Amino acid sequence: MNKNVHRMVALKEIEILTGHTGKVWCVAFSPDGLILASCGEDKTIRLWTKDSQSWTCKAILTEGHQRTVRSVAWSPCGRLLASASFDGTTCVWEKSGGSFECIATLEGHENEVKSATFSPSGQYLATCSRDKSVWVWEVSEDNEYECLSVLNAHSGDVKKVVWHPHVDVVASASYDNTAKLYKEEDDDWVSFATLQSHESSIWGLDFSPDGKNIVTCSEDKSIKIWREYLPGNKQNIPTKDGNPVWKCVCTIQGFTDRPIYDVAWSKLTNCIATAGGDNLIRILKEGDKSDEDSPSFEQVTSIKAHTEDVNCVTWSPKVPGFLASCSDDLTVKLWNFVE
């Protein structure tokens with residue numbers, strides 16, 4: 001991978017958001033891009049909004065969890081926020097008037113819940129845990145949550161779950177060095193694909209905007225791009241039981257000597273942002289002459305973003321190039337990626 005492409009690009013720091021008193025684990029923009037949620041070791045969730053010039057903390061949600069809050073995610077309508085905690089629970093918060101209140105506490109996982117995320121249809125919520133399981137919950141109109149399936153496909157701690165952008169398919173990343181995909185089949189949920197190529201734990205993953213590719217990042221210091229091949233594909237790649245197969249089509253490595261903790265694929269610009277143990281944020285972009293079956297990705301810029309590990313990066317769903325990050329250094333930062 002080229003270290004830098006010869007074009008004018010920059011990742012510019014816009015603002016530093018302070019207030020958390022422990023490591024900040026996750027940041028997530030609301031669907032309209034107007035609220036940024038952050039969560040962390042201090043057991044709280046902070047909600048930030050932009051005033052005339054700067055982003056300020058408008059609410060601190062403190063009543064939901066007894067231990068570290070590991071992740072936060074918004075529902076597609078922006079009315080609900082899910083939080084996953086080391087206390088073994090997932091809380092669902094509802095916006096009511098100008099405030100958020102906890103309307104449901106989901107229990108069942110045997111250990112820390114690492115990630116929770118709503119499906120694009122808003123019909124499902126997926127959670128995952130150190131207990132090696134992925135749970136799929138049904139979200140009813142009256143905010144009742146029923147566990148539809150407990151999926152025990154992994155042999156290690158499950159770090160993250162993320163939904164396909166257009167259909168109800170969920171992917172998970174695990175300490176067992178694999179990612180897996182699940183779908184509903186015959187009134188149950190099943191694992192139908194395993195992504196196996198990393199040499200160590202997969203910390204993060206995300207779908208491309210069209211859902212035809214997945215990016216994964218790992219303790220093994222590499223990033224991998226996986227492509228979906230449907231039954232009857234022109235490349236004659238064999239599939240089984242009518243399910244697509246996912247193949248690793250690109251490995252990006254050699255640019256860091258530290259684990260990569262998170263990765264986010266922008267739905268607006270198609271750029272990939274990474275967060276890692278080297279305290280850097282890197283922006284990757286597919287080359288102009290890239291082949292879809294053997295794509296090439298280039299690092300277009302990088303920046304020492306924080307003074308300690310960068311735990312999470314997330315793109316704004318509404319403003320191209322607008323990025324948020326968070327770190328062990330107790331801060332949330334806002335960035336603008338300019339090409």
Side-chain angles (χ1 to χ4, degrees), residues 19-28 35-48 57 59-75 79-96 99-119 124-139 143-152 154 156-163 170 172-176 201-204 261-262 308-309 311-312 314 326-332:
H20 280 289
T21 57
K23 296 176 182 178
V24 192
W25 280 110
C26 184
V27 280
I35 306 174
L36 179 68
S38 61
C39 65
E41 193 178 39
D42 61 11
K43 310 172 192 174
T44 71
I45 301 160
R46 285 179 171 256
L47 301 177
W48 312 81
C57 182
I60 307 173
L61 309 182
T62 59
E63 301 302 315
H65 294 292
Q66 307 305 311
R67 293 182 63 194
T68 291
V69 186
R70 184 62 178 82
S71 82
V72 281
W74 296 88
S75 65
R79 188 172 50 85
L80 303 174
L81 179 71
S83 56
S85 171
F86 285 6
D87 65 14
T89 70
T90 301
C91 285
V92 180
W93 308 79
E94 183 178 30
K95 188 174 185 179
S96 178
S99 62
F100 282 79
E101 62 174 315
C102 182
I103 58 164
T105 300
L106 310 184
E107 300 176 333
H109 281 291
E110 296 174 8
N111 301 104
E112 296 102 315
V113 185
K114 298 294 183 73
S115 176
T117 180
F118 287 96
S119 67
Y124 304 109
L125 177 73
T127 60
C128 67
S129 166
R130 192 164 73 88
D131 66 13
K132 307 176 186 177
S133 71
V134 173
W135 290 39
V136 178
W137 307 76
E138 185 172 39
V139 184
N143 285 320
E144 294 293 324
Y145 292 80
E146 177 189 357
C147 179
L148 297 178
S149 189
V150 176
L151 297 155
N152 293 298
H154 285 292
D157 182 339
V158 190
K159 301 300 300 180
K160 190 168 185 178
V161 280
V162 62
W163 290 91
V170 66
S172 60
S174 171
Y175 267 20
D176 68 10
S201 303
I202 302 178
W203 281 89
Y261 293 130
D262 195 28
E308 296 185 47
D309 291 358
N311 293 318
C312 178
T314 186
C326 63
S327 168
D328 282 5
D329 69 10
L330 318 189
T331 69
V332 174

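This is a predicted model, so every value here is computed, not measured. For the single chain, residues carry numbers from 1 onward in sequence order.
The side chain to side chain donor-acceptor pair (under 3.5 Å) search around Ser38 returns His20, Trp48, not counting sequence neighbours. In this structure, Phe86 has no ring pair (Phe, Tyr, Trp, His ring centres under 6.0 Å) partners at least two apart in sequence or on a different chain. Annotation: side chain to side chain donor-acceptor pair (under 3.5 Å) contacts of Tyr124 (sequence neighbours excluded): Glu184. Residues that satisfy the side chain to side chain donor-acceptor pair (under 3.5 Å) test with Ser115, not counting sequence neighbours, are absent from this structure. Considering only residues two or more places apart in sequence or on other chains, Lys160 meets the salt bridge (Lys or Arg N to Asp or Glu O under 4.0 Å) condition with Asp262.
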| request: For the pair Gln66 and Lys43, evaluate side-chain contact (heavy atoms from CB on, under 4.5 Å) and give the outcome as yes or no after the intermediate values. | output: CA-CA 6 Å; Gln66 307 305 311; Lys43 310 172 192 174; 5.8 Å; no
| task | List the steps, then state whether side-chain contact (heavy atoms from CB on, under 4.5 Å) holds for Val92 with Asn143. | result | CA-CA 9 Å; Val92 180; Asn143 285 320; 5.7 Å; no
| How far apart are the C-alpha atoms of Ser133 and Asn152, what are their side-chain angles, what is the distance that settles it, and do they pass the side-chain contact (heavy atoms from CB on, under 4.5 Å) test? | CA-CA 5 Å; Ser133 71; Asn152 293 298; 3.4 Å; yes
| Derivation of the side-chain contact (heavy atoms from CB on, under 4.5 Å) call for Leu61 and Val69 | CA-CA 11 Å; Leu61 309 182; Val69 186; over 6 Å; no
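Atom CH2 of Trp25 sits about 12.5 Å away from atom CG of Asp42, to the nearest 0.5 Å. The NE2 atom of His154 sits 12.0 Å away from the OG atom of Ser129 when rounded to the nearest 0.5 Å. Residue Glu107 holds its CD atom at 13.0 Å from SG of Cys147, rounded to the nearest 0.5 Å. Here His65 contributes atom NE2 and Thr44 contributes atom OG1; the two are 10.5 Å apart, rounded to the nearest 0.5 Å.
Counting heavy atoms from C-beta on, the side chains of Asn311 and Val24 never come closer than 4.5 Å. Using a 4.5 Å heavy-atom cutoff, the side chains of Tyr145 and Val139 are in contact. Taking 4.5 Å as the limit, every side-chain heavy atom of Ser172 sits out of range of all side-chain heavy atoms of Cys128. Contact annotation: the side chain of Ile35 approaches that of Lys95 to within less than 4.5 Å [non-hydrogen atoms, C-beta and beyond]. Using a 4.5 Å heavy-atom cutoff, the side chains of Leu106 and Leu125 are in contact. Residues Leu47 and Leu81 have side chains in contact (heavy-atom distance under 4.5 Å, counting atoms from C-beta outward).
Sorted by first and then second residue, the pairs that involve residues 109-118 and meet salt bridge (Lys or Arg N to Asp or Glu O under 4.0 Å), not counting sequence neighbours, are Glu112-Arg130, Lys114-Asp157.
A donor-acceptor pair under 3.5 Å is formed between the side chain of Ser71 and the backbone N or O of Ala116. Within the 3.5 Å criterion, the main-chain N or O of His109 finds no donor-acceptor partner in the side chain of Trp135. Side chain of Thr314 to backbone of Ala28: no donor-acceptor contact under 3.5 angstrom is found.
In this structure, Ser85 and Arg67 approach most closely via the heavy-atom pair OG-O, 3.3 Å. Heavy-atom minimum distance, Trp93 versus Cys102: CE3-N, 3.4 Å. Here the shortest heavy-atom pairing between Ala126 and Val161 reads O-CG2, 3.7 Å. The shortest non-hydrogen separation linking Ala82 to Phe118 is CB-CE1, 3.6 Å. Here the shortest heavy-atom pairing between Cys39 and Ile45 reads CB-CG1, 4.2 Å.
Using bins of under 30°, 30° to 60° and over 60° for the plane-to-plane angle, the ring pair Tyr175/Trp203 lands in the perpendicular bin.
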